[in-house]
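Everything on this sheet refers to the single structure shown next.
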Number of protein chains: 2
Amino acid sequence: MDNSSQGLANYLQCNNIRPTYPRVKVLEFLVVQQNHPTAEDIYLHLVREIPSLSKTTVYNTLKLLVDRGLAKVVNIEENEMRYDVILTKHGHFKCESCGKIVDFPVNIEDIGTEGLDGFKIHEKDVLFRGVCPQCLGREKNGG
Amino acid sequence: MDNSSQGLANYLQCNNIRPTYPRVKVLEFLVVQQNHPTAEDIYLHLVREIPSLSKTTVYNTLKLLVDRGLAKVVNIEENEMRYDVILTKHGHFKCESCGKIVDFPVNIEDIGTEGLDGFKIHEKDVLFRGVCPQCLGREKNGG
DNA sequence: CATAAATTTGTAATAATTATAATATTCTAT
DNA sequence: ATAGAATATTATAATTATTACAAATTTATG
């Protein structure tokens, strides 16, 4: 296990998650890629390095990370769960043309909660949809 | 077809959707219930009144309504699509305890879009998660 | 009516996720 | 070090939401 992985292993341990090899690698992928990958994305990437890896392990690990608060599910896609480890508050933009998901800064605490008196709010998400500049350019140049 | 359905039939017609019986009923369910139902919810309710109804018709109709801008998909659930007839801008709150989805007013246009220069934004969603007052009360009274 | 177009239906296919049980690994105490 | 217990991983099968497809039905039009 290399140096950077060592830090992640510690991070897992601090959160009472035994830092097994597959778990460190899943977390590493989430941290390094920052791509809001699906379980499938993660599996396909890691199986090259860990041939014995099973998709169930990826799902188990993601569930564990979410349960312990180290990751969260991003539901911007219609039919699949994506995962995010970023801890600062941000919104998600999904390009309807190329499918890419982009983070953008949002001061989520500024969003008023009138009409939710008496509700306990755990989580606030902001999701935008549209077309990214790259795809807009491609459309303009005749695609 | 009763009186209120007549209005909905007109509404469909105005949007170039032939107002067939299943379509009017699906739209009516969305408008009356305001429950952000799943396709399954809609099917189970309507099939009592329209025994021949097929789930595919429900999906087809929902797709049509979304394509023509009369409804939108709400992705607050992990694994299923919910539907909402578009009226005014509002956010969605999902109770993690009872699963209920509640609308609340949000001035979505107020959310800044710094960091998204050059992006074309079609749609803005605000999704909160937490516990509703009813469930909070139940927890407090020892549930 | 007759024909064409659109809609509905039932069945089967797809795809993401979860359940389950067997196997393998890791930890702990001797 | 090693046996036994606890925990993780794996493979397979089951579940579930959604979509694809083609046949049957309904509706519109000449």
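We name chains A, B, ... by the order of the sequence lines, and we start the count at 1 in each one.
A close approach under 4.0 Å does occur between a side-chain nitrogen or oxygen of Thr57(A) and OP1 or OP2 of dT10(D). For dT7(C), one of the phosphate oxygens OP1 or OP2 lies less than 4.0 angstrom from a side-chain nitrogen or oxygen of Arg23(B). Considering only side-chain N and O atoms, Tyr59(A) lies under 4.0 angstrom from the phosphate OP1 or OP2 of dT17(C).
Within the 4.5 Å cutoff, the side chain of Phe93(A) has heavy atoms near those of the Leu116(B) side chain. Using a 4.5 Å heavy-atom cutoff, the side chains of Ile17(B) and Leu65(B) are in contact. Lys89(B) has its side chain out of reach of Asn107(B): every pair of non-hydrogen atoms, C-beta onward, lies at least 4.5 Å apart.
Protein atom NZ of Lys55(A) is 18 Å distant from nucleotide atom C1' of dT20(C), rounded to whole Å. In this entry the distance linking CG of Leu64(A) with C1' of dT18(C) reads 16 Å, nearest Å. dC21(D) atom P lies 13 Å from atom CG of Asn60(B), rounded to whole Å. At whole-Å resolution of the value, CZ in Arg82(A) and C1' in dT17(C) are 15 Å apart. One can place CG of Leu12(A) at 12 Å from P of dA8(D), the figure rounded to the nearest angstrom. Look at CD1 on Ile50(B): it is 11 Å from C1' on dT8(C), rounded to the nearest Å. Atom NZ in Lys25(A) sits about 20 Å away from atom C1' in dT10(D), given to the nearest Å. Rounding to whole angstrom units, CG of residue Asn75(B) and C1' of dT18(D) are separated by 13 Å.
Side-chain atoms of Thr56(A) come within donor-acceptor range of the base of dA11(D), with a qualifying N/O pair under 3.5 Å.
Ring centroid separation for the pair Tyr83(B) and His36(B) does not come in under the 6.0 Å cut-off. Taking the ring centroids of Phe128(B) and Phe104(B), they lie under the 6.0 Å cut-off.
The listed nucleotides are dT10(D), dG10(C), dT18(D); the one nearest the side chain of Ala39(B) is dT18(D). Taking the side chain of Arg18(A) as heavy atoms from C-beta on, and the options dT26(C), dT17(C), dT18(D), the nearest nucleotide is dT26(C).
Across all strands, Ser52(A) comes closer than 4.0 Å only to sugar-phosphate atoms, never to a base (heavy-atom distances).
The residue among Pro22(B) and Asn79(A) whose nearest nucleotide of DNA chain C lies closer to the 5′ end is Pro22(B).
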